[in-house]
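Chain letters run A, B, ... following the sequence lines, proteins first, then strands; residues in each count from 1.
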2 protein chains.
Amino acid sequence: MNLKELASRLGLSPTTVSRALNGYPEVNEATRERVMAAAKRHNYHPNTRAIRLATGRAMAIGHVIPVATRHEIVNPVFADFIAGAGETYSRNDYDMVLSVVPDEQEEAAYRGMKSKGNVDGVIVHAPKMNDARIGLLHDIGLPFVVHGRATGTTLPYSWLDVNNRRAFQRATEFLLDLGHTRIALVNGLEFMDFAIRRRTGYIDALSTRGIAPEPALMSSDEMTEIAGHRTARRMLALSTPPTAFLVASMISGMGVRRALEEQGLQMGRDISVIIHDDDLSYMKNGDDVPIFTATRSSVRDAGRLAAEMLLDMIASPGPGPQQRLLEAELIMGQSTGPCLKP
Amino acid sequence: MNLKELASRLGLSPTTVSRALNGYPEVNEATRERVMAAAKRHNYHPNTRAIRLATGRAMAIGHVIPVATRHEIVNPVFADFIAGAGETYSRNDYDMVLSVVPDEQEEAAYRGMKSKGNVDGVIVHAPKMNDARIGLLHDIGLPFVVHGRATGTTLPYSWLDVNNRRAFQRATEFLLDLGHTRIALVNGLEFMDFAIRRRTGYIDALSTRGIAPEPALMSSDEMTEIAGHRTARRMLALSTPPTAFLVASMISGMGVRRALEEQGLQMGRDISVIIHDDDLSYMKNGDDVPIFTATRSSVRDAGRLAAEMLLDMIASPGPGPQQRLLEAELIMGQSTGPCLKP
DNA sequence: AATCGCCCTCAAACCGCTTTGGATGGCTCA
DNA sequence: TGAGCCATCCAAAGCGGTTTGAGGGCGATT
């Protein structure tokens, strides 16, 4: 069942039927209802391929996922971000197209999307310092929103980010207020922009209280259970080990906890831990009472909002770049307590 | 730069240029090279939207992700499956379109994909018993491959699955061989087909050795850290607690481990644990030495293979449904040891 | 009664590609 | 020499919608 056939059954022209269905004003209200009814009765859905060609719009948003042989950075939070963004797309009749490419082909993937015209815009994930993708997308003229920010980029661009610096600053202050001074930072990889900002927040808080950051207490690694465990284990073996840990993710945090338990240390009593909680649906930080004290910000909400921002930009390309900074909340769990050591 | 313009620059007709680029035989080899060179020089990429309309093929595969308000089942393994499938699609110039919909709209989503024609086929995730989606897709005539199987379905259909029954049977036998008789099963939700099969394997192994399965040692819940912890904690409180745990996933396993450590039990020495390891890239079971003894099967490979199967079916729709059963390997970690209790 | 204007509808062009069904010309072969 | 045959290329008709520009019908105005 296509437009032409539906039109002929109704004794109308395709033009009128098309207009009736798309809510154009120049069609009689009675006619419109007749058309609508017939469309429903015959289960007519316009062919997406034809609409796309005719309108020149892809009605789809692209997400490029570079799959590295070495690091696997996006994965854990990625699923939830996608779920959030996907909800927005569905509500707006957009498709979400994922492109999984080897990371050295990432640039080609963006160029391809532009020239093949299968998306109207893209979301950029996991920005690094001086991220080359921003300049690239700017040049080829593909609308985009960055999830995060890219320090060092001078071009204006649209982004949605969590205030990572502030979150880690507050968390550090909270630990300082509990009397901790030897606070370890178990950070993500520091070529990732968010990791740099978190580190800055941590250092700022320490400096304000006149505490010099200690390199032995600062680490940067992948945010996996294994790496978290390895790092915490190493730091606990120091001659004067930390009394508190500030950890980049729920998953790293589980590794840290394992290392603590191996040493017979109980979180919240013997040692304090604060993690960053992306509020992942499959990795909840406790049921009612949070396990970890945490800086929390839902990455799923971020997905929803970033997608809305992008669709908005596509719908009305007028105004310049949009930006939005979300604040993480500091939630109290059972993993923090006053410092016992003098 | 489009086909017509490229053709006119070359002094050829669009027909010839199209044929030259698509490798048809009725064009002079010299002409073809000239066309190819010009295409590259002008950075010509055919417009996807036009190709799709003209050929009637979407060159895209759909994945419907139902987002439930209650359970969040697919998420953890989903990201890796998608990454695997995505690699296959990229290699074959297919797009992957994800559709995130409230689970009560799942049927509508499949129907929409068919009638809107934006995909050539779909992958069905997380089949349940008597899964209604199989009949539905069969009826509307959209090619599909199921990741897993659906017990109770009589229609023939294509699937790719891990031999879950056998994996859990072997794991149970392994524990029995170590002298364990009180083996706990920490299963996934048992309306999921794979969970039923795992349970069957577990029970079969016990029965063969003349051991009656004990309801108090069998649980079924979401595969989260929280749920794993809760279940293990409950079972450890039994008057005669289990000496071994068979756990449905890496994440549940981490919850189980937490419960064990709370009781001061050390895995591999005081108590044995076997998990199922989907070989998730962000949740590795140890670096070189596996932490957990595990039944392992890469869900990423499964994604790759399922996608290949589907593309193959679309390319040559002749033969009937394809099926493929992968075997999980039993890998030795540090979490199992001989039973100490009499 | 003629004119104007408004409401509604339609024919046809267009989006950019594929594909069918010729057309052209040179070459072989009887 | 002329028929037949390839090899090569092209014009035009789709694919299934949207959109432009024009026109018919009819009540209101003069």
Side-chain angles (χ1 to χ4, degrees), chain A residues 1-36 38-39 42-60 93-95 112-120 315, chain B residues 1-36 38-39 42-60 93-95 112-120 315:
Chain A
M1 172 62 61
N2 57 20
L3 184 66
K4 208 197 297 183
E5 191 176 336
L6 184 64
S8 83
R9 288 194 191 222
L10 283 161
L12 291 169
S13 76
T15 308
T16 303
V17 175
S18 170
R19 288 188 159 148
L21 294 173
N22 292 313
Y24 281 75
E26 55 272 78
V27 41
N28 191 318
E29 214 37 61
T31 311
R32 186 194 306 284
E33 275 166 29
R34 201 159 63 88
V35 171
M36 297 282 228
H42 294 97
N43 191 33
Y44 167 74
H45 289 263
N47 183 303
T48 312
R49 295 189 289 265
I51 293 181
R52 286 176 176 165
L53 180 58
T55 60
R57 299 184 311 163
M59 295 303 287
D93 286 317
Y94 267 71
D95 280 348
M113 284 183 156
K114 173 66 180 185
S115 57
K116 295 195 309 173
N118 59 337
V119 302
D120 296 318
Chain B
M1 172 60 62
N2 57 20
L3 183 66
K4 209 196 298 182
E5 191 176 337
L6 184 63
S8 83
R9 287 194 193 224
L10 283 161
L12 290 169
S13 75
T15 308
T16 304
V17 175
S18 170
R19 287 187 161 150
L21 294 173
N22 292 316
Y24 282 76
E26 54 272 80
V27 43
N28 191 320
E29 215 37 61
T31 311
R32 186 194 305 283
E33 277 166 27
R34 203 159 62 88
V35 171
M36 296 282 226
H42 293 97
N43 191 34
Y44 168 73
H45 289 262
N47 182 302
T48 312
R49 295 189 287 267
I51 293 181
R52 287 175 174 166
L53 180 57
T55 60
R57 299 184 311 163
M59 295 303 287
D93 286 318
Y94 267 72
D95 280 349
M113 284 182 156
K114 173 66 179 183
S115 57
K116 295 195 308 172
N118 61 337
V119 302
D120 296 318

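- Under the salt bridge (charged side-chain N to carboxylate O under 4.0 Å, His left out) criterion, B:Glu5 pairs with B:Arg9, not counting sequence neighbours.
- Annotation: the span from A:Ile51 atom CD1 to A:His45 atom NE2 amounts to 11.0 Å, rounded to 0.5 Å.
- To the nearest 0.5 Å, atom CG of residue A:Asp93 and atom CE of residue A:Met59 are 6.0 Å apart.
- Put simply, chain A comes within 4.0 Å of DNA chain D, heavy atom to any atom, from D:dG16 to D:dG21, going 5' to 3'.
- If you check C:dT9, C:dT18, C:dG16 against the side chain of B:Asn47, the one that comes closest is C:dG16.
- For residues 46-60 of chain A, the pairs satisfying salt bridge (charged side-chain N to carboxylate O under 4.0 Å, His left out) are A:Arg52-A:Asp95, with sequence neighbours left out.
- Residues satisfying the salt bridge (charged side-chain N to carboxylate O under 4.0 Å, His left out) criterion with B:Arg19, sequence neighbours excluded, are absent altogether.
- Contacts of B:Asp120 classified as side-chain hydrogen bond (donor to acceptor under 3.5 Å, both in side chains), with partners at least two apart in sequence or in another chain: none.
- Using a 4.0 Å cutoff on non-hydrogen atoms, the parts of residues 4-15 of chain A near DNA chain D are A:Thr15, ordered by number.
- For the salt bridge (charged side-chain N to carboxylate O under 4.0 Å, His left out) condition, the pairs that include at least one residue of residues 21-31 of chain B, sequence neighbours left out, are B:Glu29-B:Arg32.
- For B:Ser18, a side-chain nitrogen or oxygen approaches OP1 or OP2 of C:dT18 to under 4.0 Å.
- To the nearest angstrom, P of C:dG16 lies 13 Å from CE of B:Met1.
- Protein atom CD1 of A:Ile51 is 17 Å distant from nucleotide atom P of C:dG16, rounded to whole Å.
- Separating the CG atom of B:Leu53 from the P atom of C:dT19 is a distance of 12 Å, rounded to the nearest angstrom.
- Heavy-atom minimum distance, B:Ala39 versus B:Leu21: CB-CD2, 4.0 Å.
- Look at CE on B:Met59: it is 11 Å from P on C:dT18, rounded to the nearest Å.
- Note on the helix from C:dA1-D:dT30 to C:dA30-D:dT1: angle between the axes of the first and last five pairs equals 60°, rounded to 10 degrees.
- Counting heavy atoms from C-beta on, the side chains of B:Leu12 and B:Arg34 come closer than 4.5 Å.
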Could you write out each protein N or O paired with an N or O of nucleotides 26-28 of chain C at a distance under 3.5 Å?
none

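- B:Leu3 has its CG atom 13 Å from the C1' atom of C:dT19, to the nearest Å.
- Remark on DNA chain D: of its neighbouring residues B:Thr31 and A:His45, the 5'-side contact belongs to B:Thr31, judged by nearest-heavy-atom nucleotide.
- A:Leu10 approaches A:Ala38 most closely through the heavy-atom pair CD2-CB, 3.7 Å.
- Separating the CZ atom of A:Arg32 from the P atom of C:dC7 is a distance of 14 Å, rounded to the nearest angstrom.
- Atom pair A:Arg49:CZ and C:dG16:P shows a separation of 18 Å (rounding to whole Å applied).
- When all heavy atoms of A:Ala7 and A:Ser13 are compared, the closest pair comes out as CB-C, 3.7 Å.
- Residues forming a side chain to side chain contact (heavy atoms under 4.5 Å, CB included) with B:Ala50 (at least two apart in sequence, or on another chain): A:Leu53, B:Asn47.
- Listed by residue number, B:Arg19, B:Glu26, B:Val27, B:Asn28 are the residues of residues 19-29 of chain B with a heavy-atom contact under 4.0 Å to DNA chain D.
- Applying the side-chain hydrogen bond (donor to acceptor under 3.5 Å, both in side chains) test to A:Thr15 and every residue at least two apart in sequence or in another chain returns nothing.
- Across A:Leu6 and A:His42, no two heavy atoms sit closer than the pair CD1-ND1, 4.0 Å.
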